[in-house]
There are 2 protein chains.
Amino acid sequence: MNIGEAAKASGVTAKMIRYYESTGLLRPAVRRSNGYRDYGAVDVHELRFIRRARGLGFDMAEIAELLSLWRDRDRASRDVHRVASGHIDVLQTRIAELKGMVDTLSTLVACCHGDGRPDCPILSDLGGGIDTGQPLERAKRR
Amino acid sequence: MNIGEAAKASGVTAKMIRYYESTGLLRPAVRRSNGYRDYGAVDVHELRFIRRARGLGFDMAEIAELLSLWRDRDRASRDVHRVASGHIDVLQTRIAELKGMVDTLSTLVACCHGDGRPDCPILSDLGGGIDTGQPLERAKRR
DNA sequence: GCTTGACCTTACCATAGTGGGAAGGTCCAT
DNA sequence: ATGGACCTTCCCACTATGGTAAGGTCAAGC
């Protein structure tokens with residue numbers, strides 16, 4: 001199977017398949033005599049695995065760990081459980097952060113009359129907001 | 001005021017102050033004869049504004065818009081209201097996405113006995129998950 | 001056999017926001 | 001004058017993804 005077919009079959013772009021290989025997440029694909037990568041059913045299965053895990057917000061490091069557990073027929077489900085639970089915690093922290101932002105913003109928006117007049121509590125707050133003096137917390141990514 | 005003092009006073013690192021200037025978010029700072037940037041109270045105020053807006057999850061483009069509205073004494077609060085409301089929508093979409101992930105993962109984690117045995121519904125799901133065949137939705141960032 | 005188009009290969013660039021560091025200039029206190 | 005704490009610019013790294021360009025390959029149709 002060519003990379004394009006594997007891409008269609010897995011829902012992972014050819015671009016990303018090569019990238020995953022380059023970072024070591026995937027083992028180097030078998031090459032045919034013409035240099036083309038050759039994929040089989042197992043590879044497509046792994047690609048689907050990665051795609052699904054990405055959709056659940058796991059990052060590459062976590063996926064590498066999950067993938068190696070997945071390949072190991074003797075893994076302990078405890079390990080998988082741990083990775084997944086840890087990820088839920090991260091997601092929930094992120095949700096809480098976002099909710100905090102929404103709360104603050106909603107309050108401000110509700111106080112702003114939103115018409116042609118220039119006075120606006122949203123800008124007043126941004127300009128004079130309570131300042132902790134601490135460096136801005138580094139943004140978390142999915 | 002040197003950039004370091006402005007950084008301390010605003011909570012924005014010197015590094016980021018220079019970056020904001022380089023991207024045009026901030027106007028080029030006044031330079032002293034030795035080439036050092038020189039900041040005043042207004043600048044610190046703008047830096048705090050940016051810092052606070054970043055903390056609310058606005059991206060640079062949105063902050064640029066908010067900042068120009070903030071500088072404009074004749075702005076219509078309607079415009080600010082629009083930007084802020086739009087941002088709330090984005091945040092809420094992001095929250096919904098994350099919640100969906102948590103829901104799925106929680107279900108899987110609850111089904112996994114998490115002991116020494118190798119069978120694990122989390123991995124089974126990742127490996128055989130329902131496949132839409134659609135390319136993976138591009139990850140949204142805060 | 002030749003052309004054409006669809007595919008493959010590698011390699012480089014961009015994104016957004018932040019941190020890190022090097023190499024060199026400046027200022028101030030001792 | 002020496003040292004340390006600043007400042008300057010410039011370049012690199014990160015994540016995960018997309019884009020593009022230059023060139024090789026294959027298969028179908030003529």
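Below, read A as the first sequence line, B as the second, and so on, with proteins coming before strands; counting in each chain starts at 1.
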Heavy-atom nearest nucleotide on DNA chain D taken for Tyr36(A) and for Lys15(A); more 5' hit belongs to Lys15(A)
Taking only N and O in the side chain of Arg37(B), is any of them less than 4.0 Å away from OP1 or OP2 of dT8(D)?
yes
Rounded to whole Å, CD1 of Ile50(B) lies from C1' of dT18(C) at a distance of 15 Å
Met16(A) atom CE is separated from dC8(C) atom P, nearest whole Å, by 17 Å
Taken to the nearest whole Å, CD/Glu5(B) to C1'/dC6(D) is 10 Å
Charged N to carboxylate O under 4.0 angstrom, Arg32(A) versus Asp38(A)?
-> yes
Whole-Å distance, Ile17(B) CD1 to dG17(C) P, equals 17 Å
(request) Establish, with yes or no, whether the OP1 or OP2 oxygen of dT17(D) is under 4.0 angstrom from a side-chain nitrogen or oxygen of Arg54(A). (result) yes
- Arg78(B) side chain reached by His113(A) side chain, heavy atoms, under 4.5 Å: no
Practice task
Considering just the side-chain nitrogens and oxygens of Tyr20(A), establish if one lies under 4.0 Å of OP1 or OP2 belonging to dT17(D).
Solution key: yes
Separation of dC10(D) atom P from Tyr19(B) atom OH, nearest Å, is 16 Å
| Do any side-chain nitrogens or oxygens of Thr13(A) fall under 4.0 Å of OP1 or OP2 in dG18(D)? | yes
Review point. How is Arg31(A) classified with respect to the nucleic acid when contacts are heavy atoms under 4.0 Å: base, sugar-phosphate, or nothing?
Key: sugar-phosphate
Taken to the nearest whole Å, CG/Asp59(A) to C1'/dT17(D) is 15 Å
> Does the pair Glu97(B)/Arg94(A) count as a salt bridge with the N-to-O cut at 4.0 Å?
Replying inline: no
Answer yes or no: is there an ion pair linking Arg117(B) with Asp115(B), defined by an N-O contact shorter than 4.0 Å? yes
| How are the rings of Phe49(B) and Trp70(B) set to each other: parallel, tilted or perpendicular (split at 30° and 60°)? | tilted
Rounded to whole Å, the CZ-C1' distance (Arg32(A) to dT9(C)) equals 13 Å
Here the distance between atom C1' of dT18(C) and atom CG of Leu25(B), to the nearest Å, is 15 Å
| Hey, does the side chain of Asn34(A) come within less than 4.0 Å of dC26(D)'s phosphate (OP1/OP2), counting only N and O? | yes
Phosphate-side-chain proximity, Arg18(B) and dC10(D), N/O vs OP1/OP2 below 4.0 Å: no
